[in-house]
Amino acid sequence: MTDDLLSRPPVHALLADGTTVRIRAVERGDHDQLQGLYEEMSSENLRLRFFAASRRSAKLAADRACAPPRQGYRALLAERAGQVIGLAEYETGEDAGTAEISIAVADGLHHRGVGTLLIEHLVSAARAEGVTTFTADALSENSEVLRLFSDLGLSMSRSFDGPEVRCTITLTEDDTYLTAVEARGRAADVASLEPLLRPRTVAVIGAGRKPGSVGRAVLHHLRTGGFTGRLFAVNPAATSLLGVPCHPSVAALPQTPDLAVVAVPAAAIPATAEECGKAGVRALLVVTAGLDRAQARALREACRAHGMRLVGPNCLGISHTDPAVRLDATFAAGHPSPGTAGVAVQSGGVGIALLDGLSRLGIGVSSFASLGDKYDVSGNDMLQWWESDGRTDLALLHLESFGNPRAFSRTARRVTRRMPVLTVDAGRTEAGRRAAASHTAAAATPTMTRRALFTQAGVTATGSVGELLETAALLHSQPLPKGFRVAILTNAGGAGVLAADACVEAGLLLPAFTPELVDDLLAVLPCGASVGNPVDATAAVTEEQLGDAVERVLRHGGIDAVLLALVPTAVAAATGDDLIRALTDAPGPRPKPVVAVRLEQDLPVRLLPATGGGTVPSYAEPQAAARALTHAAHRAAWLARPAGTVPHLDGIDTSRAHDIVETFLSVHPDGGWLDPRTCADLMSCYGIPQIPWAWAETEDAAVLAADRLRGPDGRVVMKAHWPGLVHKSEQRAVHLDLQGDSQVRAAFRDFETRFGDLLTGVVVQPLAPRGTELFAGVVQDEVFGPLVLFGLGGTATEVLGDHAARLAPLTDHDVHDLITAPRCAPLLFGARGSGPVDLERLERLLLGLSRMAADLPQLAEADFNPVLATSAGVSVLDARVRLLPRRPQDPYLRRLR
């Protein structure tokens with residue numbers, strides 16, 4: 001083992017049955033346990049592991065694993081409750097890129113995923129050390145280990161030599177491998193949540209005898225909610241509470257609870273968690289708030305040491321409305337209505353609002369989790385639960401922070417193809433981010449980064465809880481529109497105008513009707529009706545006339561959705577309630593979405609029962625209806641597009657890039673900005689084109705460079721450089737349009753005079769041709785990973801802020817969206833007669849930047865501004881790259897928070 005591996009902190013992860021194990025590097029003090037691991041194996045398992053049944057092999061194997069650290073050797077073990085249950089190791093030979101591996105799992109723990117989990121962690125460690133291939137020898141009869149290798153999701157080949165088989169495993173982290181890891185993680189995660197959301201026994205610890213305590217409220221909800229399992233209370237001062245048997249301690253309970261709800265004071269949390277762990281409790285729900293740092297750490301450590309999943313602390317609780325469980329472990333005002341929406345929030349107040357809104361709409365809740373400070377169970381866990389529970393068809397999230405955004409993104413991309421995933425984009429302003437950070441003790445999340453995550457994952461991001469419920473109502477009740485084209489029908493011209501404004505402002509289209517549709521509508525509507533879009537059917541319209549008009553519009557191929565804007569009048573025999581039956585009296589479900597706007601409606605949104613089954617959403621404001629339709633159209637467009645792939649790039653030299661980074665950081669251990677030559681070397685590793693340039697440290701060298709680089713017009717550009725120079729324009733560190741040697745010399749002397757000893761040299765470039773100036777860059781977010789930005793460049797880039805962003809690595813769809821999202825995008829496609837720029841090379845530049853960011857965690861930020869785009873090509877005119885000494889992190893490695 002090397003010191004680097006030993007310095008990696010231990011992590012906890014889930015086995016296939018949902019139990020928790022600890023993965024860590026082997027230490028010298030593990031010798032006796034490792035020897036015992038082998039000595040307790042059956043003779044048959046020893047023979048399969050060592051090709052012989054010798055008991056002497058146990059000591060030799062332990063000696064090998066616990067020997068002093070040595071180059072090219074890695075050993076990881078899995079332990080549960082302090083007991084070693086598995087070991088995985090590899091060692092390189094003459095070829096540092098190839099390592100031989102071995103795996104051992106304790107007898108009685110096979111088929112639990114111990115070996116697979118260890119191999120996954122070993123693969124991650126090997127990749128970080130530059131190992132690209134594993135080899136392993138096994139007896140051909142050892143079907144278990146051969147199946148383990150083949151099921152990893154990695155490319156594997158076998159060669160046979162008598163009774164032995166040699167396996168060669170390529171450690172390429174492609175989508176096949178990540179999908180296999182995800183599938184294993186999902187199964188383990190769901191299994192670990194069973195005692196939390198489907199417990200057979202629940203104990204409430206801290207339920208008081210006096211009304212008003214949180215623990216007593218939770219106990220009351222569990223009892224009155226009809227929990228189907230056994231229910232206990234823990235209180236040393238009572239024998240019964242609310243008709244529930246009470247016991248003095250967890251140890252005194254007649255049956256070990258699957259779930260313990262903890263509502264004791266913060267100071268008692270560590271001891272209570274430890275008591276629960278020792279008793280064998282499998283899940284904790286901690287509603288207590290106000291834990292200090294030491295109490296929080298002790299709670300986490302107790303949960304990890306004893307393998308308990310944890311919701312909270314500082315939360316409202318959890319509910320699961322399955323009739324087989326009927327678990328309501330919350331202190332909300334009432335019980336949630338059963339239904340099909342899964343809800344996960346961090347804020348208890350938001351949770352109450354969503355529970356009430358979903359119950360009022362009739363959508364109801366399948367399961368609910370108030371995650372609070374989110375020490376363990378996260379939105380990612382709940383998404384995987386809803387994906388597997390067979391009841392949930394709509395997922396609603398209100399998350400103020402993300403623990404593992406890249407894992408969340410992959411999960412959300414998969415889940416949202418099966419059901420809508422909606423969220424509130426909380427913390428969009430600086431004040432909001434500060435509030436989120438203080439409320440959840442989580443780092444603030446930049447708005448652009450969050451939106452990039454939601455967009456790429458197909459998550460529907462709304463601006464408020466109200467908008468979330470408005471959109472959920474439509475997605476729950478109506479089919480998705482095939483596009484953004486909406487027809488508006490109204491019985492009052494003013495209402496139609498309001499609806500039209502709202503639709504256009506929301507990004508919807510109001511296409512003109514064909515002559516055939518106009519004739520059809522005039523044939524059924526009252527005299528005086530105006531058949532444009534909107535259709536003003538006048539106050540004289542009847543229910544039957546309006547219904548006929550709606551059906552004719554729905555049959556029109558150029559319309560994707562219908563919005564009916566109604567106001568009550570005393571002109572026609574039909575009332576407003578009669579007219580709404582034009583939407584609700586359809587004989588069956590319609591193939592396109594229909595929504596109503598009733599300006600007199602008292603509630604923001606209702607779901608009206610339809611005669612043929614289902615419901616129709618009715619909104620009090622046209623803006624709400626338009627927003628919901630837009631969200632639905634965007635979801636339909638996302639679903640219609642195939643999943644993107646990360647394109648293969650030729651000419652990438654990752655090995656040289658790593659060497660450049662390591663060399664720079666060896667000289668600058670605290671990191672810093674690369675000098676122009678090192679920056680250019682790094683960019684060349686990823687095929688990122690730069691305009692020709694030369695480095696000069698003297699006046700004469702600058703003249704020679706200018707003579708060599710001058711274009712047809714004879715003009716050059718000179719840029720000053722010194723370490724840490726960021727904004728050249730603000731420092732007046734750029735001279736343009738230099739002609740002749742005398743101007744080059746004068747420019748160099750000006751830099752020397754003004755910057756003195758700061759100046760380390762100059763960059764000389766030919767004057768660039770005319771073109772579109774763009775900006776491309778990357779920021780390495782501490783939580784989300786690398787974020788690629790693109791937009792309008794030049795000196796005004798920060799002022800105008802015309803940028804779009806996507807998280808790396810970019811897929812082919814992401815890079816297309818990145819180019820088309822900024823307001824300046826029409827310039828790239830030939831607006832104003834300028835002709836399109838070289839889009840293929842622009843995409844290649846962004847993909848190269850994405851690959852650089854994904855390959856190099858040390859890349860803190862890169863700034864290419866301007867990037868000159870013309871029809872003849874794309875080149876970077878000015879580049880800045882900053883490195884920091886960071887270790888690579890595997891965002892997809894299975895581990896608990």
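No donor-acceptor distance shorter than 3.5 angstrom exists from the side chain of Ser337 to the backbone of Gly364, with no hydrogens or angles considered. Distance alone, capped at 3.5 Å, places no donor-acceptor pair between the Arg282 side chain and the Leu259 backbone. A donor-acceptor distance shorter than 3.5 angstrom exists from the side chain of Thr228 to the backbone of Val325, with no hydrogens or angles considered. Although no hydrogens or angles enter the test, the distance criterion places a donor-acceptor pair under 3.5 Å between the side chain of Ser477 and the main chain of Ala473. In terms of modelled atom types and a separation under 3.5 Å, the side chain of Ser367 and the main chain of Gly342 share no donor-acceptor contact. One N or O on the side chain of Glu275 and one on the backbone of Val250 form a donor-acceptor pair closer than 3.5 Å. Asp814 places no side-chain N or O within donor-acceptor distance of the main-chain N or O of Asp817, the cut-off being under 3.5 Å. In this structure, Thr256 contributes its side chain and Val281 its backbone to no donor-acceptor pair below 3.5 Å. At distances below 3.5 Å, at least one donor-acceptor pair connects side-chain atoms of Thr321 with backbone N or O atoms of Val365. In this structure, the side chain of Arg360 engages the main chain of Val605 through a donor-acceptor pair within 3.5 Å.
Across all non-hydrogen atoms, the minimal contact from Arg806 to Thr455 is NH2-CG2, 3.7 Å. For Ser213 against Ala207, the heavy-atom pair with the smallest separation is OG-C, 4.5 Å. The two residues Ser370 and Leu316 come nearest to each other via the heavy atoms OG-N, 2.9 Å.
A donor-acceptor contact under 3.5 angstrom links the side chains of Asp328 and Thr330, judged on distance only. Arg230 and Gln255 form a side-chain donor-acceptor contact under 3.5 Å, judged by distance and modelled atom types alone. Judged purely by distance below 3.5 Å, without hydrogens or angles, the side chains of Arg598 and Ser618 pair a donor atom with an acceptor atom. A donor atom on one side chain and an acceptor atom on the other are not found under 3.5 Å apart for Asp356 and Ser359. Under 3.5 Å, the side chains of Glu467 and His631 contain a donor-acceptor pair of N or O atoms. With 3.5 Å as the limit, one finds no donor-acceptor pair spanning the side chains of Arg627 and Thr462.
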### Message
Working note: Val562 + Val486, criterion side chain to side chain contact (heavy atoms under 4.5 Å, CB included); need CA distance, chi angles, decisive distance, verdict.
### Response
CA-CA 6 Å; Val562 169; Val486 177; over 6 Å; no
### Audit row: Lys482, Asp560, salt bridge (charged side-chain N to carboxylate O under 4.0 Å, His left out) steps and yes/no
CA-CA 6 Å; Lys482 294 182 179 179; Asp560 302 309; over 6 Å; no
### Message
For Glu387 and Arg414: C-alpha separation, side-chain torsions, deciding distance, then whether side chain to side chain contact (heavy atoms under 4.5 Å, CB included) applies.
### Response
CA-CA 9 Å; Glu387 181 184 16; Arg414 186 182 68 246; 2.8 Å; yes
### Query
Checking side chain to side chain contact (heavy atoms under 4.5 Å, CB included) for the pair His121/Val11: CA distance, chi angles, key distance, verdict?
CA-CA 10 Å; His121 281 257; Val11 299; 3.5 Å; yes
### Task
Test Leu608 against Thr615 for side chain to side chain contact (heavy atoms under 4.5 Å, CB included), laying out the working first.
CA-CA 5 Å; Leu608 307 175; Thr615 54; over 6 Å; no
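The aromatic rings of His634 and Phe484 lie perpendicular to each other, with more than 60° between the two planes, well past the 30° mark.
Asp376 and Arg309 are joined by a salt bridge, as a carboxylate oxygen and a charged side-chain nitrogen come within less than 4.0 angstrom of each other. Salt bridge Asp258/Arg200: present, at least one basic N to carboxylate O contact under 4.0 Å. Checked for salt-bridge contact, Arg451 and Asp425 meet the test: a charged N lies under 4.0 Å from a carboxylate O. Under the 4.0 Å criterion applied to side-chain N and carboxylate O atoms, Glu400 and Lys374 are not assigned as salt-bridge partners. Salt-bridge annotation for Glu194 and Arg198: present, with a side-chain N of the basic residue lying under 4.0 Å from a carboxylate O of the acidic one.
Geometric assessment of Arg186 against the ring of Trp385 yields a negative cation-pi assignment under the 6.0 Å and 45° thresholds. For Arg300 and Tyr375, the positive end sits near the middle of the six-membered ring, less than 6.0 Å away and at most 45° from its axis. Arg406 forms no cation-pi arrangement with Phe784, by the criterion of a distance under 6.0 Å to the ring centre and an angle within 45° of the ring axis.
The shortest side-chain heavy-atom distance between Leu607 and Ile363 falls under the 4.5 Å cut-off. Side-chain contact check for Leu117 versus Leu15: some heavy-atom pair is nearer than 4.5 Å. Between Arg410 and Thr179 there is a side-chain heavy-atom pair separated by less than 4.5 Å. Side-chain contact between Ser378 and Asn380: present, with at least one pair of heavy atoms (C-beta onward) separated by less than 4.5 Å. A heavy-atom distance below 4.5 Å is not found between the side chains of Tyr892 and Val181. Val311 is not listed as a side-chain neighbour of Leu284, based on a closest heavy-atom distance of 4.5 Å or more. Taking 4.5 Å as the limit, some side-chain heavy atom of Val377 sits within range of a side-chain heavy atom of Leu193. Residues Leu310 and Val286 form a side-chain contact, since some pair of their non-hydrogen atoms from C-beta on lies under 4.5 Å apart.
A distance of 7.5 Å separates CG of Leu399 from CZ of Arg450, quoted to the nearest 0.5 Å.
Checked against a 6.0 Å centroid threshold, the rings of His221 and Phe331 do not count as neighbours.
Partner of Leu563 under the side chain to side chain contact (heavy atoms under 4.5 Å, CB included) criterion, chosen from Leu508, Val594, Val597: Val597.
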